[in-house]
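Only heavy atoms go into these numbers, but all of them, side chains included; no hydrogens, no water, no symmetry mates. Note that the structure is a prediction, hence the values are computed from the model and not measured.
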Amino acid sequence: IPGYGDSPPVEMAVTAQGRKTFLERVFQELDMQRTVLVSPSMSGRFSLPFLLAHGDRLAGFVPIAPVGTKDYTAEQYRGVQTPTLILYGDRDTGLAPQALQNLQHLPEHRVAVLPGAGHACYLDKPEAFHQALLGFLRLLK
């Protein structure tokens with residue numbers, strides 16, 4: 001994610017509109033069509049504006065306790081028809097409950113909870129994470 005960790009800051013990543021545009025350009029440059037967007041934690045600042053504006057370009061969306069879910073209304077989420085797998089670890093008592101509370105308004109969602117996993121559930125329980133993800137991918141057409 002530009003501007004996080006050791007990555008250099010990117011001017012356009014300052015606003016939600018800029019982050020949406022950044023992700024649009026990534027998809028365009030990589031010629032990605034009908035992609036499944038997996039979005040853990042801080043990447044929610046990029047994926048959520050993109051989802052709300054261009055969810056129809058995605059084959060699926062997999063938010064993993066992303067940040068920024070409270071920045072949008074239930075009505076905005078209800079307008080998204082992208083199949084979504086809300087995935088989180090049951091030991092993530094910070095972001096996961098907030099994300100679930102907001103993202104459950106997405107009409108085409110299902111939920112997968114990984115027992116014994118924390119915020120980085122894909123690191124804590126990689127086999128269970130991959131099983132949930134692959135199961136969701138199999139449902140997509």
Side-chain angles (χ1 to χ4, degrees), residues 1-30 32-141:
I1 298 174
Y4 295 96
D6 293 331
S7 65
V10 173
E11 176 104 14
M12 69 177 8
V14 174
T15 66
Q17 176 66 33
R19 291 185 295 270
K20 176 185 71 72
T21 301
F22 176 83
L23 200 50
E24 287 171 355
R25 288 185 185 165
V26 169
F27 275 54
Q28 184 178 1
E29 288 297 316
L30 297 175
M32 297 170 70
Q33 308 290 325
R34 301 291 299 154
T35 303
V36 175
L37 182 57
V38 178
S39 180
S41 198
M42 290 302 291
S43 68
R45 292 275 185 222
F46 289 79
S47 66
L48 292 170
F50 184 87
L51 173 74
L52 293 172
H54 304 297
D56 58 326
R57 294 187 193 172
L58 298 172
F61 180 56
V62 183
I64 307 164
V67 301
T69 61
K70 65 183 177 186
D71 296 345
Y72 305 97
T73 66
E75 186 176 335
Q76 286 175 294
Y77 287 121
R78 283 189 206 104
V80 176
Q81 296 301 313
T82 308
T84 299
L85 175 65
I86 301 168
L87 204 150
Y88 63 94
D90 69 352
R91 291 190 179 168
D92 182 355
T93 57
L95 271 176
Q98 181 184 89
L100 177 61
Q101 180 181 358
N102 295 305
L103 295 173
Q104 69 185 350
H105 297 290
L106 291 165
E108 298 296 323
H109 82 272
R110 43 183 83 234
V111 178
V113 182
L114 303 185
H119 182 64
C121 61
Y122 41 87
L123 296 176
D124 293 342
K125 299 289 181 178
E127 188 172 319
F129 170 79
H130 285 104
Q131 286 177 349
L133 180 59
L134 290 172
F136 175 67
L137 295 177
R138 284 187 202 100
L139 295 175
L140 302 177
K141 294 179 179 158

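Judged purely by atom type and a 3.5 angstrom limit, Asp90 has no side-chain atom pairing as donor or acceptor with the backbone of Val113. A donor-acceptor distance shorter than 3.5 angstrom exists from the side chain of Thr84 to the backbone of Thr82, with no hydrogens or angles considered. For the pair Tyr88 (side chain) and Ala99 (backbone), a donor-acceptor distance under 3.5 Å is absent. A side-chain donor-acceptor contact under 3.5 Å links Arg34 to the backbone of Leu58.
Separation of atoms NE2 (His105) and OG1 (Thr69) is listed at 10.0 Å; rounding is to 0.5 Å. Rounding to the nearest 0.5 Å places CG of Leu137 at 10.0 Å from NE2 of His130. How far CE of Met32 is from CZ of Arg57: 12.0 Å, rounded to the nearest 0.5 Å. The CG atom of Leu133 sits 9.5 Å away from atom CZ of Arg138, with the distance rounded to the nearest 0.5 Å.
Within the 4.5 Å cutoff, the side chain of Val80 has heavy atoms near those of the Leu52 side chain. In this structure the side chain of Asp92 reaches within 4.5 angstrom of the side chain of Leu95, judged on heavy atoms. Contact check for Ile86 versus Ile64: no side-chain heavy atoms found under the 4.5 Å cut-off. For the pair Leu85 and Pro63, the minimum side-chain heavy-atom distance is 4.5 Å or more. Residues Pro83 and Phe61 fail the side-chain proximity criterion, which asks for heavy atoms closer than 4.5 Å. No side-chain heavy atom of Tyr72 sits less than 4.5 Å from a side-chain heavy atom of Asn102. You'll find the side chain of Val26 stays beyond 4.5 Å of the side chain of Phe46, heavy atoms only. His109 places a side-chain heavy atom less than 4.5 Å from the side chain of Gln104.
Here the two rings, on Phe50 and Phe27, have centers that are under 6.0 Å apart.
Annotation for His119 and Ala65: closest pair CE1-O, 3.4 Å, computed over non-hydrogen atoms. Taking every heavy atom of both residues into account, Cys121 and Leu87 meet most closely at SG-CD2, 3.6 Å. Considering every non-hydrogen atom in both Pro66 and Ser39, the closest pair reads CB-O, 4.0 Å.
At a cut-off of 3.5 Å, with distance as the only test, no side-chain donor of Ser47 or Ser43 sits close to an acceptor on the other residue.
A search for salt bridge (Lys or Arg N to Asp or Glu O under 4.0 Å) contacts involving Lys20 returns Glu24, not counting sequence neighbours. Remark: Glu75 pairs with Thr73, Arg78 by the side chain to side chain contact (heavy atoms under 4.5 Å, CB included) rule, at least two apart or across chains.
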Candidate pair Leu139 and Arg110, rule side chain to side chain contact (heavy atoms under 4.5 Å, CB included), full reasoning: CA-CA 11 Å; Leu139 295 175; Arg110 43 183 83 234; 3.4 Å; yes
Could you give me the CA-CA distance, side-chain angles and deciding distance for Asp124 and Phe129, then say whether side chain to side chain contact (heavy atoms under 4.5 Å, CB included) is met? CA-CA 9 Å; Asp124 293 342; Phe129 170 79; over 6 Å; no
Evaluate side chain to side chain contact (heavy atoms under 4.5 Å, CB included) for Leu23 paired with Leu37, printing each intermediate quantity in order. CA-CA 11 Å; Leu23 200 50; Leu37 182 57; 4.1 Å; yes
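In summary, Arg45 and Asp71 engage in a salt bridge, as defined by a charged side-chain N under 4.0 Å from a carboxylate O.
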